[in-house]
*Asks:* 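Please read through the structure below; I'll follow up with questions.
All heavy atoms count here, side chains included; hydrogens, waters and symmetry mates do not.
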Amino acid sequence: MSEQLLELTAHASLSEIDPAEWDACACPEAATRRPIDPFTTHRFLLALEESGSVGPGTGWQPQYLAARIDGMLIACAPLYAKGHSQGEYIFDHNWAHAYERAGGRYYPKLQVAVPFTPATGRRLLVREGFEEAGRSALLQGALRIASDNNLSSVHLTFCTEQEAEAGEEMGLLRRTGQQYHWLDRDYGDFDGFLASLSSRKRKNIRKERQTAQMFGGEIVHLTGDAIEPAHWDAFWEFYQDTGARKWGTPYLTRDFFELAHDRLRDDILLILAMREGRPVAGALNLIGRDTLYGRYWGCVEDHNALHFELCYYQAIDWALAHGLTRVEAGAQGEHKLARGYLPVQTHSLHWIADEGFSRAVAQYLTAERAAVDEEIEVLTSFGPFRKPQGEPE
C-alpha cells in the first residue's frame, strides 16, 4: 500500500461525506443486522449537527476526518475542536486549570468522541481490511492538525480497549475509568436475575419495584413507529428539567428530538410512565446489537423509586425480552451497584503537545489506573450477587 495514495481530509459538515461510505467504516455489520451501537452512524452524528446541538456556539466544532485510498473511504472519525470540557464525561478540567496556570492555552483542543455520550464504542472507524493503515492515518492526522494549529492536546474518549492498546503503542497516553453495566448471565427473565442476588438485595429490589408501581398509572415501552410526536413533546419537557438541574443548559436542542423521530426512532426505546393518559416520567434508551444504552431520564411528577424502575429495572426487562445481553446505564452512580449493575473499565487516549506537562500527566495516569483497578475490585466485592457458600452475604 503506497503512502502517497492515502489522502486525509477534514470536513466541517458530515453532509460532505456519503452516508453509505461513512457507515461502511462506522458500522459495516449494519449491512445485515443492527449496528453494534448507533452512536457513530452517519444518521446519529448528522442529527446532532443539523439540530445545532453541535456546531457554532456550542463549543463542539465538527472537523470530521476522512482517509481515502484511490478515492475509497477506508477510515473516518468524529473529530471536534472543543472550546471547553463539557459533555465529555471523562474529565480533564484539572488538566486544563493546571495547563493554564502554567501559562499555556488549553482550549481549543481536539476531541475524537460522540458528543454527550458516555458509551464505549469504536472511535477510529475503519473499513474491514484496512484496520492498521486506517487507525494510523486517523491518529496521525489528528495529531498533525493539532501540531499545525498549535493546539494543546488531542483526546479520544470512550474508545474500545483494542483502540486504547493500539494508541498506547503509538505513544498516546492511556487512561482508564469506570462505570456500571448490567450483564445477562443466562437469567432467562427478571425472576432469574433476582434469584442470583443475595436474599436481602432481592427483597429490596422487589420492594422498590412495588413502590414504583404505586405511582398510579402504567409503564409502556415504545420504539419505531409506536413513538409519536406527542411523546417527544413530553420527553422534551422531561429532558429540559433534568438538563437544567444537571448541566445548567441542556446539551441537545429541541430539533434533535424532531430529527430523532424522523431518522432514529428504530434505534430508540422510550420507556414512559403514563398516568391519566399523559406521560409523567420517562427514560430514553438507544438500542445496539447486544446492548441497551440508557441515555436520559426526566419527570414532571415525583414518585418514589420511579426513576430506578424506568431507568434500571424496565431496561433489564426489555433487554431480557429482546435478547440483549448488556445494559449500560450511563456515567457514574454507585447507587446502580445495589441494583445489579457492576463496575467495568472505560478507556480513553490522550496526547499533550507540551512534553513536560505530558510527562506529569503520564505519571498521574499510572497512579490513577491502579486506583481505578482497585476501586473496581472493591466495588465488585460489594455487589448484590449471592456469595459462594460459606461467605457472609
*Asks:* Do Gln314 and Glu309 have side-chain atoms, one donor and one acceptor, less than 3.5 Å apart?
*Replies:* yes
*Asks:* Answer yes or no: does atom CD of Glu100 have more than 12 heavy-atom neighbours from other residues, nucleotides or ligands under 6.0 Å?
*Replies:* yes
*Asks:* Inspect the surroundings of CG in Asp302 and state if more than 12 heavy atoms from other residues, nucleotides or ligands are less than 6.0 Å away.
*Replies:* no
*Asks:* Could you check whether Glu49 and Ser13, counting side-chain N and O atoms only, form a donor-acceptor pair closer than 3.5 Å?
*Replies:* yes
*Asks:* Do you know which of Asp266, Ile268, Leu264 makes side-chain contact (heavy atoms from CB on, under 4.5 Å) with Ile227?
*Replies:* Ile268
*Asks:* Are the side chain of Thr291 and the backbone of Tyr293 linked by a donor-acceptor contact shorter than 3.5 Å?
*Replies:* no
*Asks:* If you measure from the Lys or Arg side-chain nitrogens to the Asp or Glu carboxylate oxygens, is any gap between Glu88 and Lys109 under 4.0 Å?
*Replies:* yes
*Asks:* Do the side chains of Arg209 and Asp317 get close enough for a salt bridge, i.e. N-O under 4.0 angstrom?
*Replies:* yes
*Asks:* Under 30°, 30 to 60°, or over 60°: which ring-plane class applies to Tyr187 and Trp182, parallel, tilted or perpendicular?
*Replies:* tilted
*Asks:* Ignoring hydrogens and geometry beyond distance, is a side-chain donor-acceptor pair present between Ser348 and His350 at under 3.5 Å?
*Replies:* yes
*Asks:* Within the distance-only criterion (no hydrogens, no angle test), does the side chain of Glu328 pair as donor or acceptor with the backbone N or O of Tyr180 below 3.5 angstrom?
*Replies:* no
*Asks:* Fit a plane to each ring of Phe235 and Phe257, take the angle between them on a 0 to 90° scale, and name the class: parallel (under 30°), tilted (30 to 60°) or perpendicular (over 60°).
*Replies:* tilted
*Asks:* Counting N and O atoms only, with roles assigned by atom type, does the side chain of Thr211 sit under 3.5 Å from a partner on the main chain of Lys207, one being a donor and the other an acceptor?
*Replies:* yes
*Asks:* Check whether the side chains of Glu208 and Tyr313 place a donor and an acceptor atom closer than 3.5 Å, and report yes or no.
*Replies:* yes
*Asks:* Look only at the side chain of His155 and the backbone of Ile90, and say whether a donor-acceptor pair between them is shorter than 3.5 Å.
*Replies:* no
*Asks:* Quick one: sort the Trp232 and His261 rings into parallel, tilted or perpendicular, breaks at 30° and 60°.
*Replies:* perpendicular
*Asks:* Okay, side chain of Arg295, backbone of Phe116: is any donor-acceptor separation there less than 3.5 Å?
*Replies:* yes
*Asks:* Less than 4.0 Å between a side-chain N and a carboxylate O, is that true for Glu228 and Arg265?
*Replies:* no
*Asks:* Taking atom types as modelled, is there a side-chain donor on Tyr341 or His335 under 3.5 Å from an acceptor on the other?
*Replies:* no
*Asks:* Does a donor on one side chain and an acceptor on the other come within less than 3.5 Å for Ser85 and Asp92?
*Replies:* yes
*Asks:* Using 30° and 60° as the class limits, which term best fits the ring planes of Trp318 and His322: parallel, tilted or perpendicular?
*Replies:* parallel
*Asks:* Donor-acceptor check, side chain of Tyr312 to backbone of Arg339, threshold 3.5 angstrom: yes or no?
*Replies:* no
*Asks:* Compute whether any side-chain donor of one residue and acceptor of the other, for Gln162 and Arg135, lie under 3.5 angstrom apart.
*Replies:* yes
*Asks:* For the side chain of Asp23 and the backbone of Ala26, is there at least one donor-acceptor N/O pair under 3.5 Å apart?
*Replies:* no
*Asks:* Tell me whether the rings of Phe190 and Phe193 are parallel (<30°), tilted (30 to 60°) or perpendicular (>60°).
*Replies:* perpendicular
